[in-house]
**Student:** 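There's a structure below that I have some questions on.
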Amino acid sequence: MAINLQKGQKIDIGLTKMSVGLGWNPNEGTGHNFDLDASAFMIDSNRLIPTEAFFVFYGNTDSPDMALHHTGDDPTGGNSAEGDDETIQVDLSKVDNKITEILFVVTIHDAVLRKQNYGQVRNSYIRIVDDSNGQEVAKYELGEDFSIETAVEFGRLYKKDAQWKFEASGIGYKEDLGFFVSKYYKGEVIK
Ligand SMILES: [Ca+2]
Ligand SMILES: [Ca+2]
């Protein structure tokens with residue numbers, strides 16, 4: 001039986017291999033496609049990614065430790081009205097020892113240019129699926145929590161006393177993906 005998480009709610013994961021699925025449906029009539037992008041930041045105890053490659057997104061689909069795999073960009077959210085639009089597969093047994101937290105962020109591509117925000121997206125959620133049986137373990141639906149935001153940290157996996165837990169963090173930002181990269185990466189950016 002899946003748990004419907006509320007914003008801020010924390011659960012024990014109790015799984016090693018899972019898929020973190022993100023879904024949304026665009027509202028009609030905004031004149032542009034609605035391209036939400038799921039990304040993951042694997043951060044260490046300094047709350048930074050150790051190297052750029054620990055930032056997993058459509059342009060870098062595998063983390064260096066092979067713990068995370070992004071299955072690819074969906075540019076419209078229209079892949080499925082019901083199911084996940086973008087998925088990040090997670091194998092917690094492979095996570096580099098340095099990593100203490102994995103943040104899942106969803107940004108709206110070209111939000112400013114297209115004058116888009118979360119108020120124009122419907123049915124957005126993050127969910128965790130047990131890869132061994134395809135069962136949904138937990139789901140957090142954003143509902144009416146966000147409107148003018150263009151990015152949301154949906155949830156985070158974090159290690160506490162050697163156990164992985166998940167929090168439905170639900171933190172909204174009026175920022176783009178570049179903001180998160182500069183927030184969590186202080187090294188030299190390779191262009
Ligand atoms: Ca996308
Ligand atoms: Ca969809």
Side-chain angles (χ1 to χ4, degrees), residues 2-5 7 18-42 49 52-63 67-90 102-131 134-157 168-185 189:
I3 304 171
N4 274 312
L5 299 175
K7 178 178 156 83
M18 70 204 79
S19 292
V20 176
L22 298 136
W24 73 91
N25 289 328
N27 274 352
E28 307 298 323
T30 56
H32 288 285
N33 281 338
F34 237 103
D35 183 4
L36 271 63
D37 293 323
S39 308
F41 291 87
M42 303 177 74
I49 53 172
E52 269 187 304
F54 284 92
F55 161 48
V56 173
F57 70 118
Y58 59 82
N60 173 45
T61 53
D62 291 286
S63 59
L68 263 61
H69 174 67
H70 191 302
T71 63
D73 186 25
D74 175 353
T76 64
N79 269 3
S80 50
E82 297 278 314
D84 305 339
D85 295 297
E86 293 195 11
T87 303
I88 297 174
Q89 295 167 339
V90 181
I102 306 169
L103 309 175
F104 296 92
V105 170
V106 182
T107 49
I108 303 177
H109 183 66
D110 276 347
V112 174
L113 188 70
R114 298 179 183 179
K115 297 186 173 61
Q116 295 175 336
N117 60 45
Y118 267 91
Q120 300 163 324
V121 187
R122 289 172 292 121
N123 307 332
S124 49
Y125 66 83
I126 184 171
R127 67 180 192 137
I128 295 176
V129 174
D130 182 347
D131 278 350
Q135 296 289 309
E136 183 176 291
V137 176
K139 185 174 191 179
Y140 165 46
E141 295 175 347
L142 262 59
E144 303 295 310
D145 285 350
F146 303 99
S147 55
I148 56 170
E149 291 82 357
T150 54
V152 174
E153 181 196 306
F154 272 55
R156 63 185 189 114
L157 286 162
S169 34
I171 304 167
Y173 298 84
K174 285 186 277 181
E175 302 287 353
D176 61 12
L177 191 53
F179 163 83
F180 292 95
V181 176
S182 47
K183 181 177 181 181
Y184 295 115
Y185 183 61
V189 177

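Order of listing sets the numbers, starting from 1, for every ligand and every atom in it. Since this is a predicted model, take the numbers as computed values, not measurements.
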**Student:** Let me know which of D37, D35, T150 forms a side-chain contact (heavy atoms from CB on, under 4.5 Å) with T107.
**Tutor:**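 Going through D37, D35, T150 one by one, the side-chain contact (heavy atoms from CB on, under 4.5 Å) with T107 is satisfied by D37 alone.
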**Student:** Compare every heavy atom of G72 with every heavy atom of E86, then report the nearest pair and how far apart it is.
**Tutor:**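 Answer, listing the atom of E86 first, then G72: CG-O, 3.9 Å.
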**Student:** If we ignore angles and hydrogens, is there a donor and acceptor under 3.5 Å between the side chains of D84 and Y125?
**Tutor:**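 Checked: D84/Y125 side chains pair up, N/O donor to acceptor below 3.5 Å.
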**Student:** Measure from the Ca ion (ligand 2) to each N, O or S atom of N123 and report whether any distance is below 3.0 Å.
**Tutor:**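 So N123 does not count as coordinating the Ca ion (ligand 2).
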**Student:** Please answer whether the main-chain N or O of A38 pairs with a side-chain N or O of H70 as donor and acceptor at a distance below 3.5 Å.
**Tutor:**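 Indeed, once roles are kept as given, a pair shorter than 3.5 Å links the two residues.
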**Student:** Taking only residues two or more places apart in sequence, or in another chain, which ones meet E149 in a salt bridge (Lys or Arg N to Asp or Glu O under 4.0 Å)?
**Tutor:**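 None.
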**Student:** How about F55 and F41: are their ring centroids closer than 6.0 Å?
**Tutor:**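 That pair passes the under 6.0 Å test.
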**Student:** Take the Ca ion (ligand 1) and tell me which protein N, O or S atoms are nearer than 3.0 Å.
**Tutor:**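 Within the sphere that stays under 3.0 Å of the Ca ion (ligand 1), the protein atoms of type N, O or S are D35 OD1, L36 O, D37 OD1, D73 OD1, D74 O, E86 OE2.
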**Student:** Can you find a heavy atom in the side chain of E52 that is under 4.5 Å from one in the side chain of Y185?
**Tutor:**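 A side-chain contact exists here, since the closest heavy-atom pair is under 4.5 Å.
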**Student:** Restricting to N/O/S atoms, is W24 within less than 3.0 Å of the Ca ion (ligand 2) or not?
**Tutor:**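 It does: W24 brings an N, O or S atom closer than 3.0 Å to the Ca ion (ligand 2).
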